Amino acid sequence: MGMHVFISYQRTDQRHAEELTTALQAHGIPVFVDLKIQAGECWDQELEIAINDSFAVLPIWTAASVQSRWVRIEARYGLRLGLLCPVLRETCDVPLEFSDIEFADLRLWRKENTDHPEWRNLVESLFRLQQSGRRTRPNSDAELCFRLGVRFLDGVNVPQNTPMAIMWLRKAAELKHDRATALLRAVDEPESSATLPENDH
């Protein structure tokens, strides 16, 4: 079982990281946060060890952090481990690959406001994760195909390739993945029909 909550943040959001750290520690929740992080600093072995020793990975979504390669890497690592527990501190577009993960909406929260419903839910979720050690996450074939499609669509860890994305999204849709079906409707790729098989349905 992990020892702490790993807080992932963009350097310009250090104030948010400090507020969350103080508030969580006041509830007796142990926290790891690297407050010495520098812009462009590599994701090193120390941070990897810290994530592996965590029972929750808490990315702070802000307008700056959603653009950060390293925050996304840490969030992706947390997702793969089944530990992701994000918070929204500013109005922003959460990266698509994490958009189906429930987050605590703390845009109106202040650290002295311990009665804020989203804050209470976050603390309760972290206590549950601390006891269980893992957040369960979907691992079906449909979900895996959907995530592959999204990765190729966005160019996340792979070259952006819309025809390949559509192929995986179609596979997910055939497996009854509702979000894949909706995303396919939104993707306009007129040339894809020349290279990809049509749905049988």
Side-chain angles (χ1 to χ4, degrees), residues 1-38 41 43-140 143 147 179:
M1 183 179 295
M3 298 185 295
H4 51 237
V5 174
F6 181 98
I7 293 184
S8 176
Y9 72 101
Q10 170 67 7
R11 185 175 66 95
T12 54
D13 296 326
Q14 182 167 325
R15 177 177 61 86
H16 293 319
E18 291 173 342
E19 286 179 348
L20 279 168
T21 297
T22 301
L24 289 173
Q25 289 175 337
H27 284 276
I29 297 174
V31 173
F32 176 94
V33 58
D34 185 357
L35 296 176
K36 302 184 298 294
I37 194 168
Q38 299 297 315
E41 186 174 6
W43 197 64
D44 59 18
Q45 187 177 14
E46 180 185 357
L47 295 182
E48 184 174 359
I49 292 171
I51 286 187
N52 284 328
D53 284 343
S54 67
F55 61 83
V57 175
L58 192 156
I60 301 174
W61 293 133
T62 66
S65 72
V66 296
Q67 303 297 326
S68 168
R69 177 187 178 197
W70 298 111
V71 173
R72 289 189 185 217
I73 286 174
E74 290 164 357
R76 195 173 299 125
Y77 198 73
L79 179 63
R80 181 160 63 87
L81 294 175
L83 305 175
L84 199 61
C85 193
V87 301
L88 185 70
R89 280 303 263 137
E90 297 176 2
T91 300
C92 60
D93 293 326
V94 174
L96 184 59
E97 63 179 315
F98 308 113
S99 61
D100 60 341
I101 305 298
E102 184 179 355
F103 56 76
D105 187 348
L106 300 184
R107 287 175 293 177
L108 300 179
W109 170 80
R110 298 295 177 267
K111 64 180 180 180
E112 62 276 5
N113 188 1
T114 57
D115 288 330
H116 190 289
E118 290 287 310
W119 172 253
R120 290 202 308 269
N121 288 339
L122 173 65
V123 171
E124 290 170 5
S125 295
L126 291 173
F127 276 131
R128 286 196 300 270
L129 283 169
Q130 189 175 26
Q131 294 301 314
S132 67
R134 286 291 185 267
R135 173 189 286 270
T136 57
R137 65 183 177 92
N139 197 29
S140 65
E143 181 68 16
R147 292 195 177 279
R179 294 188 66 233

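Here the structure is a predicted model, which means the values were calculated and not measured.
For the atom pair CG of D34 and CZ of R11, the computed distance is 12.5 Å after rounding to the nearest 0.5 Å. Rounding to the nearest 0.5 angstrom, the gap separating the CZ atom in R89 from the CD atom in Q10 is 16.0 Å. Once rounded to the nearest 0.5 Å, the distance linking CG of L126 with CD1 of I29 reads 5.0 Å. The distance from the CD atom of E19 to the CG atom of L106 is 10.5 Å, given to the nearest 0.5 Å. Note that the SG atom of C85 and the CZ atom of F55 stand 9.5 Å from one another [nearest 0.5 Å]. How far OG1 of T21 is from CD of Q14: 9.5 Å, rounded to the nearest 0.5 Å.
Nearest heavy-atom pair across P30 and G28 is CD-O, 3.5 Å. Nearest heavy-atom pair across P86 and E102 is CD-O, 3.4 Å. Contact record, W61 with C92: C-SG, 4.0 Å, taken as the closest heavy-atom pair. The minimum heavy-atom distance linking V57 with G78 is given by the pair CG2-CA, 3.8 Å. The two residues A56 and L129 come nearest to each other via the heavy atoms CB-CD1, 3.9 Å. When all heavy atoms are compared, the tightest approach of R107 to T91 is NH1-OG1, 3.1 Å.
In terms of modelled atom types and a separation under 3.5 Å, the side chain of R72 and the main chain of V66 share a donor-acceptor contact. No donor-acceptor pair under 3.5 Å is formed between the side chain of Y9 and the backbone N or O of V71.
Taking 4.5 Å as the limit, some side-chain heavy atom of F127 sits within range of a side-chain heavy atom of Q130. Looking at L24 and L58, their side chains come closer than 4.5 Å, going by heavy atoms from C-beta outward. Residues N52 and Y77 form a side-chain contact, since some pair of their non-hydrogen atoms from C-beta on lies under 4.5 Å apart. Residues W70 and S8 are not in side-chain contact: their nearest non-hydrogen atoms beyond the backbone lie 4.5 Å or more apart. Side chains of E118 and W109 form no contact here, defined as non-hydrogen atoms less than 4.5 Å apart.
The closest side-chain donor-acceptor pair between S65 and D13, if any, does not fall under 3.5 angstrom.
Relative orientation of the H27 and W119 rings is tilted, given thresholds of 30° and 60° on the angle between their planes.
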